[in-house]
Amino acid sequence: MSAATAGSMILPFTLLAPVLAALIIVFLPKEEGKMIKIVAALGTFAALALSVYVFFAYDRAQGGMQFNLILPWTKDLGVNLAFGVDGISIPMLVLTNLIGFTAVYSSWNLDKRVKEFFVLLLILITGVMGTFIARDLFIFFLFYEIVVIPIYIMVIIWGSTKRVSKEYAGMKLTIYLLIGSAFLLVGLVALYLNAKGLNGGQGTFMFDELAKFKYDPTFQKIVFGLMAFGFGSLISMFPFHSWSPDGYAGAPTAVSMIHAGVLKKIGGYGLIRLGLMVLPVGAKFWAPVIATLAIAGVLYAAFIALAQKDLKYVVGYSSVSHMGYVLIAIAAFNVTSINGAVEMMFAHGVMSALFFSMIGFVYEKSHTRNISELGGLARQMPRLAVGFLIAGMASLGLPGTVNFIAEFTIFMGSVRAYPVLAILGIAGIIFTAAYILRTLANVLFGPRRPEWDHLKDLRGPEMVPLVVLVFVLFVTGMFPNIVYSVINSGVTHSDLSKVMETVGLAKMGGLF
Amino acid sequence: MFKEMHDLFQWAWLIPFLPFLSFLLIALVTRRSKGLSAAVSILAILSALGLAIAIGVGVIQSWNGEEFVGREAVAAANWLNIGGLKIDFGTIVDPLSAMMLFVVTLVASMVQIYSLGYMHGDRGWSRYYAYQSLFAASMLGLVISTNLLQLFIFWELVGLCSYLLIGFWYFKVSAREAAKKAFITTRVGDFGLLLGILFLYNKFGTLDFAALSNAMNTNFQDFALIGGLSYLTVMAILVFIGPIGKSGQFPLHVWLPDAMEGPTPVSALIHAATMVVAGVYLVARIYFLFEHASPAALQFVAGLGAFTAIFAATIAIAQDDIKRILAYSTLSQLGYMMFALGVGSLTASMFHLMTHAFFKALMFLGAGSVIHALHEKQNIWDMGGLWKKMPITGWTFFIGVLAISGVPPFAGFWSKDEILAAALHNGHPVIYAVGLFTAFLTAFYMSRLFFVAFTGPSKPENHPHESPWTMTLPLIILGVLSVVGGLVALPEHNFAFYVHAGELEHEAMDWALAGISVVAGLIGIGLAYTIYVRKAIAAESIVAKFPGIYRLLKNKYYVDEFYLWLIHHIMDGLAKVLYWIDLYIVDGIINGLALFTRGSARTLRRTQTGQLQTYALVFFFAVVVIYLVFAIGEGQLAALNPLAMLGGVK
């Protein structure tokens, strides 16, 4: 284990940028609201810039974990403070900081307990980022637990009460996260002990070390089952999804953006990193179940989204529906589909951050998210309407946005493994179009409503999320190789491709 | 010489790129300046037109007397490359795409110039030209696509532009709803097309048209898939579902008449001349798939096309809105193009696509000129006597009516005749009969429109005057093309010579059949003249005689009502039921668990009584339990350890 390689300090710096900003904010007087926001913006921007650098500096041809920093921490247990990124984690790292940066600007008008809010937000961003750059299961879990605390506080203080109270929403969100992590913890400990046994008494938490052992198939099935439940409820897999719409509805804009945008992707990321790579036999066993639940979720949530009256519930259920595509791609277990799964997590993250940001501005200005009370906003707020429209179009997978690329790749990969389920899932694009276009029509278009004439369009700092996220959606959508060169390197250069060759589920006969 | 032409073909990507650049410029830079936005847009589309003409000339000249030199020019670059999926983007220049490039750039140019007058004073002016440019870029991109995915991407983008332009006046509820309907209806079709694309790629490992065609020509064994249909037949039908949506074939035709809520120039460009024929173009582009599939695939195309042709024509008879009559006419003519493909004549279909683009764009722009002059009146019974007040509009519209009715020597005569001849000669007498009857209906309802709106006494409340030159100039240009456009069928090296599938189709002019079609058209015109000009037969009495049929036609066979019922009762009903399940069952279980936890906590709290006696009691029983456990044995206890069950503790 080399202590440091080239550029090994980049990831810790990326991780510490928001922490440093949070520390500075702690020492700022609480009246300095503007200053606090600027510091938070600078901190998240630094993290974003560093992660974009990592994205472009990553050697795609070489592949594997790069920018490694491995410091032994607890020798007896075998815990290492280990950071590193590969093609699967880099898109998630960039996504985290992209959303973190725009979430700060989406909270620009916040004036209630500004100091506490931004400190918690920065801790939240750090926690999420840490899970994606950790190379050690213990560290991964540690960061995952860090995430829970700010979420709960932020929802109950800055949240909003609509259909359910914010206290209920915050509690539900937190308890779900904790139950998920409890199952994970059991699986994690079992995995550690089993690996220790196979390794001759030397324990390790390193992902790539853990992936080297051949675990007993029964053991794999049980532990993967625990993880499928833990990570599955995190990524809002049907029927463990009901926290998601309520949680997003209760949470403040920035938390909705981060939660829907990246936090729930820890579920998908964990399933790939820990589930597929470490426990392939278990994954193969559970794959048909996951695929079935995934497609059930796609259609079920799309239909429920049709019946929603609150904007955040529409996007909440929509996100449950879209995560179904990630899950079937993971279950399909071939190179194409895993590429698609990672791309979809990235694409959905950018899109839902944009969507929640726009909804946040609508709510902040009009004090309602009720679709029937809104209407014709394209007249009063044309810029917001553009952002809203683009978020909607991305959500229904319009070509030109990265979401189309992701959906197409997933469909391509999953029809190979589960033709019938995939066809049902693809039918979801019709119902997605139905609820998205209905929402767009009822919020943006239609007769001008005089009661909204006083609303001011987005301007100044409010434009940042719109410009940044739309730019990313289009550029990565028009030139898919930008992101895919990284993801594909991660998928094909990792142990994953070897695993897929041996236990892959691709059915290439018959129809194909 | 040919070498130079080939170099020119390499620049074909500029044709869609220029309008795209114009879109970006308008959206990001010039949107505050109305004049600049229009100038940028029109300049871009005119340059594209110039390039398209040059390429068209190049394609024609690539015939050196004996063979084609550089018949196809394909350029490609990698666009997407991951494990198990590799897609190149490219441009293809062949007679088929060259013809489409010319038609699209020409009509788009005409429409954009015309819009200078028609959209004058609209507050969304720059937005309008931005959308127009984006549409032109997407449509031209679609035309020069080398593979199915690339085509599908632009296919969706033209759909987006259609959505944006139908809903251009977004504050009108009708426009908003029509835009939504168009998008969702075509999405149903796209679902089929997307499946076709996925399955074809997984079988052949490519989506490139040339490569697919090669793969099917060389040692590909078709096999039975489902329901007695072979693999390729299913693929052909799946791909064809896309065109059913995009080109308004029954039963996905419902969006096109509603799309008339958009500005009239948009209807002329997108919903008559270009986007709606994208489906026809797709079938023509991937015609080899249909030829390799079993005959059932092409029969399906022919049958559905013919049905749509007559179905829409019958509806058009009973409509009163000038734009809706034209819309149903478009549906009917799209059906014509489809069944031409279905009966095996790609040439006739593409020929009709071209002439139809000229005369239908002409008539839509003419209708726009009328609507403009009458301050948004669209009901033909509110018009009358317009010919005298608006001579240029009147004369050019008249040319359009003659062209679509198949009166020689106007453009529609040649193309329609070629379709009907192909149907009969290729052994489809029923389809020929349907086509012929549709020709009669077409002549009838078009003449009805013309006679009611343009002749007769003028209405005193109307004060029409001829439109400005920006609007009449495109009418004149398209009018000229509607007269002479059919003549490309005449010379020795004619249209068929360049645009055809497989072997050259030597379809000589069948003058006997042509005579029959002309007679059918003339009877239609004559009947309309008798009823609406001479008033020898009262229209009311015919309606009174067949009230049921009239109501059925007037209400478009109640297809819309049926779909609305499906949406409001089935889809929304299911949505509500599922939401109820989510709230009270899925979430109910969660909340129940939470309540149970809280309840049991409350119960367990009672154990902490603080009374010594209770604790002593508990202590006693605990000792008993521990004793029992040891009595049963340590082995079983270890088995209860969860980690042991997982195999963790050895």
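Note on naming: letters A, B, ... go to the chains in the order of the sequence lines (proteins, then strands), and numbering restarts at 1 for each one. A quick note: this is a predicted structure, and the numbers were derived from the prediction, not measured.
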Problem set entry | Side chain / backbone / both / neither for A/Thr409 at chain B, heavy atoms under 4.5 Å | both
For this session: Pick one of side chain, backbone, both or neither for B/Arg123, based on which atoms fall under 4.5 Å of a heavy atom in chain A.
Result: side chain
Problem set entry | Segment of B/Leu194 engaging chain A (4.5 angstrom heavy-atom cut-off) | side chain
Exercise. Is the closest side-chain heavy-atom distance between B/Phe183 and B/Lys180 below 4.5 Å?
Worked result: no
Exercise. Are the side chains of A/Met227 and A/Leu191 in touch, meaning some heavy atoms are under 4.5 Å apart?
Worked result: yes
Exercise. Checking B/Asp258 side chain against B/Ala182 main chain: does a donor-acceptor pair fall under 3.5 Å?
Worked result: no
For this session: Ignoring hydrogens and angles, state whether a donor on the side chain of A/Tyr168 or A/Lys172 is under 3.5 Å from an acceptor on the partner side chain.
Result: yes
Problem set entry | Winner by heavy-atom pair count (cut-off under 4.5 Å) against chain B, out of A/Ile423, A/Asp216, A/Ile487 | A/Ile423
Problem set entry | Portion of A/Tyr176 that has a non-hydrogen atom of chain B nearer than 4.5 angstrom | side chain
Exercise. Given that the side chain runs from C-beta out, which part of B/Leu157 has a heavy atom under 4.5 Å from chain A: side chain, backbone, both or neither?
Worked result: side chain
Seminar exercise, completed: Honestly, the part of B/Asp572 sitting under 4.5 Å from a heavy atom of chain A is side chain
For this session: Using non-hydrogen atoms and a 4.5 Å limit, figure out which bit of B/Ile581 sits close to chain A: side chain, backbone, both or neither.
Result: both
Exercise. Considering only heavy atoms, which portion of B/Ile82 lies under 4.5 Å from any heavy atom of chain A: side chain, backbone, both, or neither?
Worked result: both
Exercise. Which region of A/Met171, side chain (C-beta onward) or backbone (N, CA, C, O), has a non-hydrogen atom less than 4.5 Å from a non-hydrogen atom of chain B, or is it both or neither?
Worked result: neither
For this session: Tell me, for A/Tyr317 versus chain B, whether the close heavy atoms (under 4.5 Å) come from the side chain, the backbone, both or neither.
Result: side chain
Problem set entry | Under 4.5 Å from a heavy atom of chain A, the part of B/Tyr163 involved | side chain
